[in-house]
Amino acid sequence: CPEWSLGVAARETAQALKTLAQAARGVAASTTDPVAAHAMLDSARDVMEGSAMLIQEAKQALAAPGDADSQQRLAQVAKAVSHSLNNCVNCLPGQKDVDVALKSIGESSKKLLVDSLPPSSKSFQEAQSELNQAAADLNQSAGEVVHATRGQSGELAAASGKFSDDFDEFLDAGIEMAGQAQTKEDQIQVIGNLKSISMASSKLLLAAKSLSVDPGAPNAKNLLAAAARAVTESINQLITLCTQQAPGQKECDNALRELETVKGMLDNPNEPVSDLSYFDCIESVMENSKVLGESMAGISQNAKTGDLLVFGECVGVASKALCGLTEAAAQAAYLVGISDPNSQAGQQGLVDPIQFARANQAIQMAHCGLTLLHFVQSAKEVANSTANLVKTIKALDGDFSEENRNKCRIATAPLIEAVENLTAFASNPEFVSIPAQISTEGSRAQEPILVSAKTMLESSSSLIKTARSLAINPKDPPTWSVLAGHSHTVSDSIKSLITSIRDKAPGQRECDFSIDGINRCIRDIEQASLAAVSQSLATRDDISVEALQEQLTSVVQEIGHLIDPIATAARGEAAQLGHKVTQLASYFEPLVLAAVGVASKTLNHQQQMTVLDQSKTLAESALQMLYAAKEGGGNPKASHTHDAITEAAQLMKEAVDDIMVTLNEAASEVGMVGGMVDSIAEAMTKLDEGTPPDPKGTFVDYQTTVVKYSKAIAVTAQEMVRNYFNQGLASQMTNDYGHLALQGRMAAATAEPEEIGFQIRTRVQELGHGCIFLVQKAGALQICPTDSYTKRELIECARAVTEKVSLVLSALQAGNKGTQACITAASAVSGIIADLDTTIMFATAGTLNAENNESFADHRSVLLKKMEESKALVEDTKLLVSGAASSQDKLAQAAQSSANTITQLAEVVKLGAASLGSDDPETQVVLINAIKDVAKALSDLIDDPSMYQLKGAAKVMVTNVTSLLKTVKAVEDEATRGTRALEATIEYIKQELTVFQSSEVPEKTSSPEESIRMTKGITMATAKAVAAGNSCRQEDVIATANLSRKAVADMLTACKQASYHPDVSEEVRERALRFGTECTVGYLELLEHVLLILQKATPELKHQLASFSKRVAGAVTELIQSAEAMKGTEWVDPEDPTVIAETELLGAAASIEAAAKKLEQLKPRAKPKQADETLDFEEQILEAAKSIAAATSALVKSASAAQRELVAQGKVGAIPANAADDGQWSQGLISAARMVAAATSNLCEAANASVQGHASEEKLISSAKQVAASTAQLLVACKVKADHDSEAMRRLQAAGNAVKRASDNLVRAAQKAAFGKAEDDDVVVKTKFVGGIAQIIAAQEEMLKKERELEEARKKLAQIRQQQYKFLPTELREDEG
């Protein structure tokens, strides 16, 4: 509130005034000048009094917020306090002296305002010598002013006084030099340069004054250095202008002054001097060093030849190159300093207070009465955007009258006041820059660069001085030796500078340290892994496993957050590289400690090694990242390293993901879910983070994804209740919620209105809280599975999660209310259409009867009333069209209303149709078709995606509603109801034709045979239509209308589905669609002609029915031919027995191959083995069974090839329609192939059971014999019509022989094993007589029992064979017979 803010400001002001009073007393006590002490105390007292008045006025203004007088008084008092503060600051020691110096400079500058200068009484050489000396003194005094700002206040007073005196002398010398000018223009140029020096001197003193008042002000040192440089440059310009007669000398003097100015950059580089990056600095040093070398050679050469003009140019180029080298070196040193991990980079402020102060002073000086040109220049410089001031200045420039001068002064006053207020506001500490804080290590890293740069400047200055003397006296050998020495020193210092900058590249030293540290960590992990392998890893007892788990998870997450910043720094931010890699390396020691600790407390050895191996992988990937980052070094131009950096970053991210998955799983196993809870909390936090990225999908897309993850969370929650001991469910919920939060954020961003988006975010966050509680309870229950209380809490948390999932889903539905309503309505309408189709089926079958023997008359009034209400569907249609283009609420309302209306209407019409009675089924169908057309149109209207299609669907909807009304009214009119039914059918067919002609691809495809089959309905319907046209009976017309509906709709659907089959070419598709359209159009014309005959029957019209029917028949023929073209050569009749036979053969081959693979998996083997006597019994069984499986597979494939050969020879037709013999043969082949497959499968199962000891050798022998028998039948089936000398038959016979041999081998091996087993069985004979007799009787009993079982088994086998024989084809019976 305002009162609270005023109270805080008043307390802060009182505290500041207290501090000011103490400081003012201290200054007054320390000064020796009583007048100055009194002035300080008086000014401080003025501040106190003004502040008291300010607080009082503020209080009154707060009491009367709308009082304009109070606000004005408050502003005046505030301005007075500001003025008092300025006076107080001016009373500080040294400030008054600076003001006196400024005033002295201003007074001296008035000498330049005279119209004409008196001629000089001195010679040019004397005037030039005096000017050079005065310029040197003034430049030195400027340097002393700069140095005095770092000392005591008395030093600044003395330096400013000396500067003022030297300026006065320099001004006199300059005026004397101006008097030497030969022309008026030259004199004006000299005076203009003197004015520039006067302004630069004033700015220098202002900057010194600002720095002395606040030595810690940001950029103040830079501004002071810039002001000193401006003084030097202004002096150089004047000297250059005045010493044109001495070429070479002025360039040397200018260069020396410039070098003296830039030397200050190297004193304490804690602020940036340019925007160059570190590698830009290296390039700048290289380029400038090359330029400097060339210019130094030019200086020496031109000094020898006496070409002083070129000599001066070389000196200027060398000076610029040296300045560039110095700036680059200072910037590089600054970047090296701040790149140290212990240093802190500065921050640029929003505004520069010194610039505001300088602009304010410039306006004040302009206002005090300088020349017109200077005033206009200053005004344009400071207030270019002030239109009124610019206009008055232009007027003053055109007519320098007193009136215009007064106007200009009046226009300037508001500007001055605004600038003063802005300056005071800009002095707020909130807006200033923060200088960099260079650490001790950073300063040491800067030293080699700074020492080399200073040495370069000193030797360069000496070289230029020596070159200046050589330009005057080039024949002085000792001077040449000195020049060579300085040149060598400059070269060495530049080489040292380049080396130092390259060696001190930011981040390189830190990368080396970090690489060494991570290598040590990798060795520690390896040692721990060796200890874990030898089961000697010491367990840490000083910390719990939960704490270790949380430490490891936290460290890995922090490492993951640093990957992208390191990659960014390595690609283009060298100053940040050292900080980031040092921070990364600092995490690996705690990572190793935590990983080893977790492994030491893990009982499962595999889990131990997984944690250690993944930690080592993470360290190795970080090591690779550091090598790539060191190679890149933050150089944006080193593009060849960027791919390696990106790859290393990706590998490191994958390592982080792997270890996080392991940690989450481990946490879930032992109930430590802290990491998963943090992951869920982090995902919740991201829901509210700033502006989401631009969505790449619609709300419906994000809604679908959110629904999927929400349902997955609900399912997982229920699973956690049933299987709380499952270790991966909590981790699965964490991952699902992370995806849900991400997609939920995008769904909230795309939802309309914003309230719905806020609701979605809120519900998703609430679900996150529920997931956290559930995961925590699951973890607690895993620690103590017998805690029933915790289990009840788990159940409650799961129920809460399910409820919150439903809330999320409801929020999503609210965001898409209209679409959801349309989906619901579409589903309801689809159900109505299906119900109407069922009703039509009952009506067609003659079983649709009314209850209680009701008649149509009983329903007429209700039906007509509902028909009138059905007009509401037209209004609903309009609402649907408008709602789709407006809000979701209107769309939802329209969809619900239309669904309710059509539901009620359908029920009423069904009752009315039933009341017509089953004696008139065709009329019942007409009535139900009418309401079905309306429902179908409504369904299309709801589902149409585009606004253009939506309007078309709306027109169809209105047409069908109108048709329904007409049909209901004409139901009882026997004279017109057929006509009405035919009109409705024509309209229906037109609508179906429109759908057929659209470019929409059908959802499914059908075969050309289906399309051909559907044309039969068109033929029947055409015959019906011609008959109805000839008879003109309403019953025939109704039947024709009903039949036409179904026939045309089925034909169009089948034609389009067959046309869009992927194997149909574009040409054939277009042809089929064209003839489908022609057939439909021809049939429509036929129906319209029948309608015309019903209205006016004439013999001529009836005679024309034949031509219409012929056109339909022709189109049907073309359509059938198009369907035949679709079939191509690859299409076959699926009912063809030959095709069935081939399919079964291939299926048998696949079954046998699968069985062979199963046998291969029974026992792994190193190399293929032969089934010989060296193998064990089990191995013999396996090898023989494998041989049989391979042989039968080859046999079935050969049989398939043989059948294709028969087809190719013409002995068997490709499509043997109604060929009994060929069908019989195919059935025999099919039966034989199936028998081979079944027998081989039984063989494999018996072999498997025998090897495992679960079956007898007899079962194996029986299975092998069955394979041989079925193989023989397959051979017989193939030989029936085959050529015995063909290649396929030879292969078939060879395959059959192979199967027989393999079966015989298996039988022999099994029998031998069985006999061997029988021989090995020892019979224990009892020695006692009675016992022996009993043993014999028992053996005989068992023998008789076995003989009886054998006889029964033989009979059973004979019966089975007799039954099977009845179903064998003729060929097989005769052959076997």
Side-chain angles (χ1 to χ4, degrees), residues 340-342 507 509-532 537-567 569 576-602 607-627 629 648-649 651-667 669-670 672-679 681-682:
D340 186 87
N342 297 320
R509 178 168 58 95
E510 289 78 8
C511 283
D512 291 335
F513 290 159
S514 300
I515 289 171
D516 292 340
I518 294 180
N519 275 323
R520 288 194 299 272
C521 292
I522 292 175
R523 288 194 294 271
D524 292 341
I525 295 176
E526 290 174 347
Q527 292 295 327
S529 298
L530 291 175
L537 185 62
T539 304
R540 287 189 60 182
D541 298 328
D542 58 334
I543 190 171
S544 66
V545 66
E546 292 87 353
L548 286 170
Q549 184 80 25
E550 291 179 0
Q551 286 180 11
L552 185 57
T553 303
S554 176
V555 170
V556 173
Q557 287 177 344
E558 292 299 328
I559 291 173
H561 293 159
L562 279 175
I563 296 174
D564 287 335
I566 289 178
Q576 295 297 320
L577 183 60
H579 293 273
K580 299 303 179 185
V581 298
T582 302
Q583 189 177 358
L584 176 69
S586 66
Y587 286 124
F588 274 89
E589 184 174 353
L591 170 73
V592 173
L593 291 175
V596 174
V598 170
S600 69
K601 288 180 174 291
T602 302
Q607 292 178 354
Q608 274 187 339
M609 298 308 298
T610 300
V611 171
L612 293 175
D613 289 344
Q614 289 183 344
S615 299
K616 181 182 176 183
T617 302
L618 178 57
E620 290 172 345
S621 64
L623 195 63
Q624 183 178 352
M625 181 72 184
L626 289 181
Y627 280 124
L651 290 175
M652 196 171 174
K653 288 179 180 178
E654 292 175 359
V656 168
D657 292 341
D658 290 342
I659 196 171
M660 284 304 299
V661 170
T662 301
L663 291 175
N664 285 339
E665 291 178 353
E669 287 178 5
V670 298
M672 293 177 297
V673 293
M676 287 179 277
V677 169
D678 292 341
S679 298
E682 184 177 358

Mind checking what makes side chain to side chain donor-acceptor pair (under 3.5 Å) contact with Asp564, not counting sequence neighbours? Lys653

Considering residues at least two apart in sequence or located in another chain, which fulfil the side-chain contact (heavy atoms from CB on, under 4.5 Å) criterion with Gln527? none

Between Cys511 and Leu577, is any pair of side-chain heavy atoms under 4.5 Å apart? yes

Quick one: does Val596's side chain get under 4.5 Å of Leu537's, heavy atoms only? yes

Enumerate, atom names and distances included, each donor-acceptor pair closer than 3.5 Å involving a side-chain atom of residues 616-626, sequence neighbours excluded.
| unit_1 | atom_1 | unit_2 | atom_2 | d |
| --- | --- | --- | --- | --- |
| Lys616 | NZ | Glu526 | OE2 | 3.2 |
| Thr617 | OG1 | Asp613 | O | 2.8 |
| Ser621 | OG | Thr617 | O | 3.2 |
| Ser621 | OG | Leu618 | O | 2.7 |

What pairs meet the salt bridge (Lys or Arg N to Asp or Glu O under 4.0 Å) rule with one or both residues in residues 576-592, with sequence neighbours excluded? none

Partners passing side chain to side chain donor-acceptor pair (under 3.5 Å) against Gln557 (at least two apart in sequence or in another chain): none

Rounded to the nearest 0.5 Å, how far apart are CG of Leu593 and CD of Gln551? 8.5 Å

Got a second to check how far Phe588's CZ is from Asp524's CG, nearest 0.5 Å? 13.0 Å

Mind checking the OG-OH spacing from Ser554 to Tyr587? Nearest 0.5 Å is all I need. 8.0 Å

Which pair of heavy atoms, one from Ala538 and one from Ser600, lies closest together, and at what distance? O-CB, 3.2 Å

For Asp512, side chain to side chain donor-acceptor pair (under 3.5 Å) partners two or more places apart: Lys630

Once rounded to the nearest 0.5 Å, what's the spacing between atom NE2 of His579 and atom CG of Leu562? 13.0 Å

Please report the shortest heavy-atom distance between Ala532 and Leu612, naming the atom on each side. CB-CD1, 4.1 Å

State, with a plain yes or no, whether a side-chain heavy atom of Val592 is found less than 4.5 Å away from one of Ser615. no

Check: Ile559 and Met652 side chains under 4.5 Å, non-hydrogen atoms: yes

Shortest non-hydrogen contact between Ile659 and Gln614, atoms and distance: CA-OE1, 3.4 Å

